[in-house]
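Only one structure is covered here, and it is reproduced in the block below.
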Amino acid sequence: TTTDSTGCFADTNAVIIEPSLIIITVSNDTSICLGDSVQLIASGATNYSWVPISSLSNPNISNPIAFPTINTTYTVTGSNYNGCSKIDSVTVNINSLPTATVSNDTIICIGDTITLTAGGGNNYEWSPDSTLSDAFIANPNAFPSVSATYQVIVSDLNGCSDTIGV
């Protein structure tokens with residue numbers, strides 16, 4: 001209510017609209033193998049700003065690709081059209097790669113069999129597998145009929161892998 005100098009008064013109403021609260025949701029903390037990437041995901045805002053920016057595909061979108069080389073915590077600030085903002089973070093942990101080892105190159109006679117030896121991991125996948133007793137063990141027997149080069153993918157319990165040949 002307002003009153004002027006003559007004693008007249010008037011009533012006015014003002015409508016105050018409270019901006020809606022912003023709630024930011026981010027992807028869960030995760031682990032990746034060294035050299036891999038992961039997509040970060042945030043939602044609940046109209047604008048996004050991620051830090052650190054050095055290992056992100058685009059720090060100003062809701063779902064950048066992260067390719068860190070060390071354990072990294074990414075923080076996102078999300079804001080809406082009213083200027084309200086919230087902050088949340090997600091951590092990406094880096095698992096080191098296994099170091100694959102194999103037996104030395106060897107010469108055998110036609111018709112002979114040799115045991116190939118690999119180490120450094122928990123799971124093994126040899127190729128080509130057509131002249132192996134079992135392509136999914138560390139030490140398969142090989143019975144090549146011609147000169148052959150074998151490769152083995154050695155992976156660990158985190159699913160990280162290294163490839164080496166013999």
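Atom CG of Asn122 and atom OG of Ser161 lie 12.0 Å apart (nearest 0.5 Å). The CG atom of Asp156 sits 10.0 Å away from the OG1 atom of Thr99 when rounded to the nearest 0.5 Å. Here Trp126 contributes atom CH2 and Leu116 contributes atom CG; the two are 4.5 Å apart, rounded to the nearest 0.5 Å. If you take OG on Ser31 and CG on Asn93, they are separated by 4.5 Å, rounding to the nearest 0.5 Å. If you take CG on Asn71 and CG on Asp29, they are separated by 10.5 Å, rounding to the nearest 0.5 Å. Cys160 SG to Leu34 CG: the interatomic distance, rounded to the nearest 0.5 Å, is 8.0 Å.
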Point to revise | Evaluation steps, side-chain contact (heavy atoms from CB on, under 4.5 Å), between Asn104 and Val166 | key: CA-CA 7 Å; Asn104 293 327; Val166 60; over 6 Å; no
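Nearest approach of Thr149 to Pro128, heavy atoms of both residues: O-CD, 3.5 Å. Among all heavy-atom pairs drawn from Phe67 and Leu56, the shortest one is CE2-C, 3.8 Å.
Other residues, nucleotides and ligands contribute at most 12 non-hydrogen atoms within 6.0 Å of the CD1 atom of Ile53.
Side chain to side chain, Ser89 and Thr73 fail the donor-acceptor criterion of an N or O pair below 3.5 Å. When only modelled atom types and interatomic distance are considered, Tyr74 and Ser55 share a side-chain donor-acceptor pair under 3.5 Å. Side chain to side chain, Ser155 and Tyr124 fail the donor-acceptor criterion of an N or O pair below 3.5 Å. Between the side chains of Thr115 and Asn141, at least one donor N or O sits under 3.5 Å from an acceptor N or O.
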